[in-house]
Amino acid sequence: MYYIGIDLGGTTIKGGLVDENGKIIKTVVEKTLAHRKGEEIIESIAKVALTLIEKHGISINDVHSIGIGAPGLIDSENKIIVTSSNINFDNINVEKKMQKHINLPIFLENDANCACIAEYVCGSMRGYENAIMLTIGTGVGGSVILNGKIAKGSFLGEGELGHIIVDYSSGKVCGCGQTGCLEAFCSATSIIKYAKELLEKNKDSKILELASNIDNIDAKAVFDAYDMGDEIATKVIDRFNNYLAIGIVNLINIFRPGIISIGGAASARGDKLTDPINEKAQKMIYGNGFKTKIVPAILGNDAGIIGAAMIARL
Ligand SMILES: [Zn+2]
């Protein structure tokens with residue numbers, strides 16, 4: 001049996017045919033052309049799914065379901081995209097519209113939750129009942145899975161783990177308008193911003209050698225300079241580690257998950273990313289007996305497609 005996963009973004013519709021082990025067998029990519037009507041975009045999604053089936057020479061009966069990961073506020077129970085900032089999808093019932101074109105069960109989730117589902121069903125968090133994923137990218141995203149299900153609140157918009165407040169008194173303004181959020185200290189954007197601030201005062205740093213000039217600085221250059229013992233990079237990554245550990249300890253104290261996985265480009269650092277967080281978190285945790293594992297994510301960019309395909313397996 002196969003699963004189809006759709007990673008819907010403002011620019012592209014990425015579709016994948018995924019096997020029962022979460023392995024991507026085939027992919028098809030189409031432009032979203034986000035200025036179009038929602039119905040037209042859904043027709044393109046259905047076309048991507050049909051192309052995947054045709055390209056692999058299977059029939060619709062070999063496919064269990066189609067899962068769609070979409071940006072914005074999602075009512076996954078009723079399969080409705082409530083709002084999506086980049087796409088014309090206000091209050092669209094995705095299941096009904098999809099089934100006009102292809103008669104398969106439809107699953108829908110927020111795209112941030114899909115990365116978590118992928119790591120949970122067939123990646124770094126496989127085999128755990130309670131698990132949390134944090135993704136470090138332009139922003140900080142995340143999801144909580146409790147007893148095998150995405151934790152849902154009474155209102156839409158739960159699981160915005162990047163906006164838990166880790167230092168209100170810092171006065172550091174976050175992209176969301178609030179102050180002192182985890183994202184304001186631990187996104188790739190905030191790493192780059194802080195490095196640039198420090199480099200304004202002192203240009204003697206390996207970061208500049210690695211990035212060749214100040215405009216080319218990315219989080220990887222800062223992490224690489226940190227590994228080389230660079231003073232400015234150490235200051236930047238120490239701050240990142242401290243606040244990430246605070247955020248993670250808060251999550252552990254509330255949920256006591258078996259495992260927390262950290263995704264995003266920095267996950268390629270493997271244990272080098274998570275070792276300092278493990279060490280700091282152990283010191284800060286409430287009560288005795290630190291049992292939660294903190295690990296790097298392993299599925300990389302494929303997590304969006306795999307997670308969408310695996311919504312059906314939660
Ligand atoms: Zn925020």
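Atoms within each ligand, like the ligands themselves, are counted from 1 in listed order. Hydrogens, waters and symmetry mates are skipped; everything else that's a heavy atom, side chains included, is used. FYI, the numbering just counts along the sequence from 1.
- The existence of a salt bridge linking Glu109 and Lys152 is confirmed by a sub-4.0 Å separation between a basic side-chain nitrogen and an acidic carboxylate oxygen.
- Distance check, rounded to the nearest 0.5 Å: SG of Cys174 to CG of Leu182 gives 9.0 Å.
- Protein nitrogen, oxygen and sulfur atoms, that is N, O or S, within less than 2.8 Å of the Zn ion (ligand 1) amount to 4.
- Under the 4.5 Å side-chain heavy-atom criterion for ILVMFWY residues, no single connected hydrophobic cluster contains both Ile24 and Val28.
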Please report, to 0.1 Å, the donor-acceptor pairs under 3.5 Å made by any side chain of residues 248-259, with sequence neighbours excluded.
residue, atom, partner, partner atom, Å
Asn250, ND2, Ile246, O, 3.4
Asn253, OD1, Arg256, NH1, 3.2
Asn253, OD1, Tyr286, N, 3.3
Arg256, NH1, Ile252, O, 3.3
Arg256, NH2, Tyr286, O, 2.7

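- Clustering of Ile, Leu, Val, Met, Phe, Trp and Tyr side chains at separations under 4.5 Å leaves Met1 isolated, with no partner residue.
- In the hydrophobic clustering, Ile165 connects to Tyr168, either directly or through intervening members, whenever side-chain heavy atoms lie under 4.5 Å apart.
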